[in-house]
Protein chains: 2
Amino acid sequence: MVVSPNSQRAPRSAAIPSIRDVAAAAGVSYQTVSRVLNDSPRVRSETRTAVLGAIERLGFRPSRAARALSLGRARGITVVTSNTVLYGYAATLQGIEEAARAEGMAMGIRVVESAEPAEVKQTVDYVSDASAGGVVVIAFDPMGTAVLEALPEHVPAVAAAEPAAPDRGRVAIALDERRAAADATEHLLALGHRTVHHVATPSEGRSSGRQAGWRDALERAGVEVPEVLSCGWDIGSAYAAGQWLSTQARTTAILCGNDDIAQGVRRALYDAGKDVPGDVSIVGFDDIPGSAYWTPALTTVRMDFAGLGQACYRAAVAELTGQAQPVPVLVPPSLVLRESTAPPPSA
Amino acid sequence: MVVSPNSQRAPRSAAIPSIRDVAAAAGVSYQTVSRVLNDSPRVRSETRTAVLGAIERLGFRPSRAARALSLGRARGITVVTSNTVLYGYAATLQGIEEAARAEGMAMGIRVVESAEPAEVKQTVDYVSDASAGGVVVIAFDPMGTAVLEALPEHVPAVAAAEPAAPDRGRVAIALDERRAAADATEHLLALGHRTVHHVATPSEGRSSGRQAGWRDALERAGVEVPEVLSCGWDIGSAYAAGQWLSTQARTTAILCGNDDIAQGVRRALYDAGKDVPGDVSIVGFDDIPGSAYWTPALTTVRMDFAGLGQACYRAAVAELTGQAQPVPVLVPPSLVLRESTAPPPSA
DNA sequence: CGCCTGAGTGTGAACGGTCACATGGCCAAG
DNA sequence: CTTGGCCATGTGACCGTTCACACTCAGGCG
């Protein structure tokens with residue numbers, strides 16, 4: 001009639017071993033095991049060996065959840081991004097992931113789809129939780145920026161991309177998009193084009209690096225700065241932008257906000273009977289894997305997203321552990337010349 | 001000289017509020033707060049209101065780490081995948097992420113780069129941890145399959161893709177790739193092609209759905225089954241496969257393992273002076289966003305990766321919470337006819 | 001010879017939740 | 001009027017780890 005007096009929550013037998021089981025097996029206290037796990041110098045090497053043996057024998061793995069609770073913050077990284085599929089975002093994500101995995105760190109992802117206060121707040125709450133660990137905010141766009149600004153100071157976070165307003169001493173790491181865009185624009189001008197049109201991604205503000213670099217180059221050359229065409233992330237809207245540009249007889253060179261946009265623009269020009277690069281030259285941005293195999297192969301700017309991700313990971317861990325900031329070394333963007341650019345028809 | 005007797009770890013003042021702070025503010029016990037958080041019916045609505053008010057006032061958010069520790073498993077999802085960038089993987093990942101976020105669930109990612117025992121073990125250890133929560137293994141390839149097989153029974157996990165050997169009652173959800181490949185192959189045969197060549201992704205085994213469907217269709221039509229060309233994930237190797245195929249005069253139709261491969265093959269044919277679809281027809285697989293804008297626009301098979309991800313998420317949560325399995329409804333793959341297929345030149 | 005120091009180890013408490021069980025009040029049935 | 005049971009709530013223990021501090025035992029020095 002009486003219930004078993006020892007009815008624990010889990011069957012104590014086949015349970016996952018804890019630090020105390022290891023301690024018992026090694027004949028030491030749980031604290032000593034903890035010290036071994038954290039490489040404390042205060043352990044006799046003999047004792048250490050015994051503990052490590054017990055760990056091996058029992059197949060013990062420290063609980064990330066318990067650590068996070070005790071430490072106040074998880075030893076891991078959460079990435080906040082507005083997108084996981086677009087190349088720039090995905091490649092940065094991959095860079096972070098590889099760096100994290102190499103060090104045995106956990107990684108989580110949280111997407112912010114809009115910059116609306118409610119969603120930004122949810123995201124901030126999410127990463128404010130102890131189990132989020134260090135935070136990397138991919139702030140290529142308004143969504144990321146909004147999160148960055150709303151983040152409480154006590155959350156260890158870094159930004160990928162330059163902050164619009166230098167943000168309360170938050171570490172920010174960025175690729176030199178301004179220089180990259182200027183290089184691409186100058187390449188087109190050097191080929192003899194009168195000016196260069198620009199089709200921008202939704203992530204670009206007027207002060208964004210890509211747009212600023214393009215404008216810089218045009219102004220330095222003293223040529224007309226055409227109005228920027230904005231389009232969405234979907235290639236369909238890039239196609240529409242391309243259609244419009246193909247009606248403008250004076251358009252001979254286009255700098256596209258990314259390679260996907262270049263693809264849509266190129267097809268629109270094709271459908272309008274314009275040859276690339278014979279009639280119009282096109283430059284993309286990002287160097288996505290397929291762009292070398294298009295017809296024509298795309299001239300574009302290669303960006304070191306993987307390096308950016310890696311640098312962000314390191315900075316986030318430094319922020320999390322309170323250690324000194326190593327200076328990140330990023331590969332500068334480079335213009336990759338292929339088949340989609342040539343002198344304008346008249347030249 | 002004496003150290004402050006109450007020097008806690010964190011400054012107790014500005015600390016993040018806990019369930020006990022809320023309890024004090026609402027004038028109830030911490031257990032009652034816990035009950036409110038878990039929608040227990042055993043709380044007077046009046047009391048509930050008071051607690052919710054206190055939660056609001058203090059800006060309290062339950063700690064995921066503490067929950068995971070107490071419950072034994074985190075309320076969240078970890079996705080195991082061999083890749084995060086390739087379209088099929090990334091799109092599935094996105095489907096999972098959206099479903100998880102909609103329910104306020106945490107999401108983590110763990111990549112397995114190889115099927116080597118050491119790496120598989122590390123991955124298994126990683127997701128065995130309580131804080132991993134439910135697990136979705138994207139088992140499109142040998143890496144995923146290896147992890148799935150090595151996963152201890154007590155880890156709540158489901159697979160995306162059919163298990164090679166039905167795996168100890170693990171839930172597995174798959175897209176009907178076999179049917180999809182058969183449809184694509186039949187489309188080419190119906191156009192008059194003698195047979196259809198196949199360039200396979202690294203993920204395909206002989207028994208994979210794509211390869212089996214292709215073979216099915218050829219055998220049903222009673223035509224020759226050419227040797228499968230295997231290539232890597234990089235488009236360069238697809239280009240090489242395309243070069244080889246362009247030397248075979250009898251090749252008039254190619255089913256590519258995915259759209260990226262189709263891109264490489266198409267460029268190789270172009271460089272060899274072969275017209276698509278005039279000389280050779282090409283069908284891709286996946287319907288990546290750009291494929292509608294290529295020249296020629298790619299005929300391909302659209303796959304509902306987002307739906308797959310969503311279904312996997314639901315199944316993983318069901319596994320995690322021990323609830324009944326809802327039957328997942330997946331959109332069947334569909335052949336999207338565009339410009340890259342036509343009757344063979346002789347016909 | 002006693003005291004101090006420090007290396008090596010152990011004990012208690014805390015992190016923020018949840019579960020099991022105890023308790024008190026109220027109403028209906030005996 | 002008692003008793004039994006249910007509803008609403010409270011108390012203690014526990015999840016697995018780390019931190020703060022206490023303790024023991026040697027060795028060096030005054």
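Here is how names work: the chains are called A, B, and so on, in the same order as the sequence lines, proteins then strands, and each is numbered from 1. Note that this is a predicted model, so its numbers are computed, not measured.
Taking atom CD1 of Ile19(B) as the reference point, atom C1' of dT11(D) lies 14 Å away to the nearest angstrom. Following rounding to the nearest Å, Arg48(B) (CZ) and dT9(D) (P) show an atom-to-atom distance of 10 Å. For the pair Arg73(A) CZ and dG16(C) P, the interatomic distance rounds to 13 Å; values are reported in whole Å. In this structure, CD of Gln31(A) is placed 9 Å from C1' of dT11(C), rounded to the nearest angstrom. If you take CG of Leu71(B) and P of dT18(C), they are 7 Å apart, rounded to a whole angstrom. Distance, Tyr30(A) OH to dC19(D) P: 13 Å, rounded to whole Å. Rounded to whole Å, the distance from CZ on Arg35(B) to C1' on dC19(C) is 10 Å. Nucleotide dT18(D) holds its P atom 11 Å from the CG atom of Leu69(A), rounded to whole Å.
Side-chain contact between Val112(B) and Arg110(B) is absent, with no heavy atoms from C-beta onward closer than 4.5 Å. No side-chain heavy atom of Val155(B) sits less than 4.5 Å from a side-chain heavy atom of Val124(B).
Of all the residues in residues 50-67 of chain A, Phe60(A), Arg61(A), Pro62(A), Ser63(A), Ala66(A), Arg67(A) reach under 4.0 Å from DNA chain D with at least one non-hydrogen atom.
Going from atom OG1 of Thr92(B) over to atom CZ of Phe140(B) covers 4.0 Å, rounded to the nearest 0.5 Å.
Taking the charged nitrogens against the carboxylate oxygens, Glu119(B) and Arg101(A) do have a contact shorter than 4.0 Å, which makes a salt bridge.
Contact record, Ile96(B) with Val136(B): CD1-CG1, 3.8 Å, taken as the closest heavy-atom pair.
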Determine whether Thr123(B) and Met143(B) satisfy the following criterion, side-chain contact (heavy atoms from CB on, under 4.5 Å), listing intermediate values before the conclusion.
CA-CA 10 Å; Thr123(B) 307; Met143(B) 292 78 111; over 6 Å; no

Intermediate values then yes/no, side-chain contact (heavy atoms from CB on, under 4.5 Å), Asp21(B) and Phe60(B):
CA-CA 9 Å; Asp21(B) 300 321; Phe60(B) 164 86; over 6 Å; no

Could you list all N or O pairs between the protein and nucleotides 23-26 of chain C that sit under 3.5 Å apart?
none

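Between Ser70(A) and dG16(D) there is no side-chain polar atom (N or O) within less than 4.0 angstrom of OP1 or OP2. The side chain of Thr32(A) places an N or O atom within less than 4.0 Å of a non-bridging phosphate oxygen (OP1 or OP2) of dG10(C). For the pair Arg44(B) and dA8(D), the criterion of a side-chain N or O lying under 4.0 Å from OP1 or OP2 is not met. Within the 4.0 Å cut-off from OP1 or OP2 of dG10(D), at least one side-chain nitrogen or oxygen of Ser29(B) is found.
Minimum atom distance to the side chain of Asn38(B) is reached by dT18(C), of the listed dT18(C), dT9(D), dT17(D).
When atom types are taken as modelled, the side chain of Arg170(A) and the backbone of Val158(A) share no donor-acceptor pair closer than 3.5 angstrom. A distance-only check finds a donor-acceptor pair linking the side chain of Asp141(A) to the backbone of Gly144(A) [under 3.5 Å].
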